[in-house]
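So the structure is just underneath, and the comments pick up after that.
Order of the sequence lines fixes the chain letters, A, B, ..., with proteins taken first and strands second; residue numbering starts at 1 for each chain. Remember, it's a predicted structure, so these values are computed and weren't measured experimentally.
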Number of protein chains: 2
Amino acid sequence: MKEASRLAVLKAVEELHYRPNVIAQSLLSQSTGCIGVICAQDNINQTTGYLYALEKHLSQHQKHLLLRFANSKTEVLHALDELTCGLCDDVLVIGARFPLNISHENVILVDCVDVDSSNSIQFDHAFAAETACNYLIKQGRRQIAVINPDSCGSVEQILLGYKRALENNFLPFNRNLIFMDSTSSSVALQVLLNNSTTLNFNALLVADEQEAQRIIPQLQAFNKSVPQDIMVFSLAGSLHLPGIPTIPAIEYSMDAMAARIVAWLTEKTKSALGSNVLRGDLIIPDMAGRK
Amino acid sequence: MKEASRLAVLKAVEELHYRPNVIAQSLLSQSTGCIGVICAQDNINQTTGYLYALEKHLSQHQKHLLLRFANSKTEVLHALDELTCGLCDDVLVIGARFPLNISHENVILVDCVDVDSSNSIQFDHAFAAETACNYLIKQGRRQIAVINPDSCGSVEQILLGYKRALENNFLPFNRNLIFMDSTSSSVALQVLLNNSTTLNFNALLVADEQEAQRIIPQLQAFNKSVPQDIMVFSLAGSLHLPGIPTIPAIEYSMDAMAARIVAWLTEKTKSALGSNVLRGDLIIPDMAGRK
DNA sequence: CTGTTAGCGCTTTCAC
DNA sequence: GTGAAAGCGCTAACAG
């Protein structure tokens, strides 16, 4: 081959801005490099962390993030249908609080409820609750109440970790401090406050920071100062927004989660997932920070 | 054709879960239905609103949202490169605060600075500032300060609307109340507060709610109550989070924006954009709400 | 080492 | 009416 013609081709490539068509490549390779991400969590503000971490990791592996939102099983299945016709190599479903019963080869369930499938990544809520209680007990809070909405699906796990921490600290278990099946967290809080003289609770575990921010003003309205009288602990993340004081929380590393997911997607061996539970980090408020 | 064989085929389709391969279809039609969305805003929490509205509208038109994040011109161009090799029919760049100089046929710039291209949708900041000032003046606030970070790129527009409102209300313009080129909004605020006895300002326009939540505690630290002493107004959206009191704001309808974008994408005529500026709604805090 | 060919899964066209 | 064939843009495997 003449060097001249080689250069001529390269020059033409340059000048005509030739870009090999990835669709034609995909047709042959039977893989598009697209990963569908179906966000099913009810609080869409929580998706940002997931998406940012996921996109960062996916693009590093030449993969594309195809985003969908879905709020019910029907919507998830519909989205799944549209994405698995050759468009996406794999699909993630994130944060579904309704049972899905999906056990497809190429679908990974992340932080979903009612998971029987092995293709899933779950947060270790038992570990979170245990850490939370141990922290609170070390802070001198021995009467820890728990308010967890019915829908969270991590009820048993949270209770497990809660009891484990109490046992390890030789503390008695009081059923009246636990509100796991309440439809409204506000009602649960009212019951707690109405019985506060006998219950005498000084710490409160809630499902997430959003919940905490709803509950804290209610506590204050009943002359309970936070965290002096009642220390409120979020079992899933803090918001880190200006104007909102930090509360102690368990925070799950979105980066760690994304790394695991991408490892699974690229290696396609179940062992890549390692354990399929992810443990969160304990975040304690900066005492020197804002009041 | 025999009816029996027709049914046999349909039955086989059903049983084998046959799904026509969209990639093969794309190769022929030269269109994938994928719309690349490059989020370039520094505050990733702002992306959620865009993404949710966009995905909703796109999926209604059988289009897919391919998400990327980019924080610099280099990253945006790199993402653009990867998406325009046949994968995406069109690409949106959202919220870039750095000049891009892109005027590609299939790229729409949304809420980006320094836009010369006609393929863009901008927020009407002049209109926002004018509405804000008119509202504040009607609330009895005639000394309106403005703090706007340099990077926002809407400086002239905001000043335009500000002056227009003042003129229409026969109020004098005071240059000392305007901080448009300050690197730090905190420094600008300090200058304002140091001169507060002579300036006597009773309202403050800030770029967005995030900024407002940074500034409000600083005002309170100087014994300025909000909104009694100083009414803080956000020129771009409010957060609507529990635990954060609502402040008056201009809020842009993500739904309206998404609808316009999808109209442009589907009709592919510039007229579909209508005007390429989008005006925001005035949001006033619910006085009956939290303190 | 270079050049040709077949075929990825589909749709459109053209011939029967 | 139904059925065969061409071709979308690319890369594999093959033949020269």
What verdict does the side chain to side chain donor-acceptor pair (under 3.5 Å) test give for Tyr252(A) and Asp111(A), after you've listed the backbone C-alpha separation in whole Å, the side-chain angles of each residue and the deciding distance to 0.1 Å? CA-CA 11 Å; Tyr252(A) 296 90; Asp111(A) 187 22; over 6 Å; no

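Here the CZ atom belonging to Arg260(A) is positioned 6.5 Å from the CD1 atom belonging to Ile121(A), to the nearest 0.5 angstrom. For the atom pair CD1 of Ile108(A) and CD1 of Ile102(A), the computed distance is 12.5 Å after rounding to the nearest 0.5 Å.
In this view, Pro20(B) and Tyr18(B), Gln25(B) satisfy the side chain to side chain contact (heavy atoms under 4.5 Å, CB included) rule, not counting sequence neighbours. The salt bridge (Lys or Arg N to Asp or Glu O under 4.0 Å) check on Glu211(A) picks up Arg214(A), with sequence neighbours excluded.
Looking at every heavy atom in both residues, Leu51(B) comes nearest to Cys39(B) through CD2-SG, 4.0 Å.
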Which string of ( ) [ ] | and . matches DNA chain D, if you list each base 5' to 3' and count Watson-Crick or G-U pairs only when both distances are under 3.5 Å? |||||||||||.||||

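Applying the salt bridge (Lys or Arg N to Asp or Glu O under 4.0 Å) rule to pairs touching residues 84-93 of chain A yields Asp90(A)-Lys268(A), sequence neighbours excluded. Within the structure, the salt bridge (Lys or Arg N to Asp or Glu O under 4.0 Å) test picks out the following pairs touching residues 51-60 of chain A (sequence neighbours left out): Glu55(A)-Arg68(B), Lys56(A)-Asp255(A).
Residues from residues 21-31 of chain A that place a heavy atom under 4.0 Å from any atom of DNA chain D, listed by number: Asn21(A), Ala24(A), Gln25(A), Leu28(A).
Nucleotides dA6(D) and dT5(C) are separated by 15 Å at their C1' atoms, to the nearest Å.
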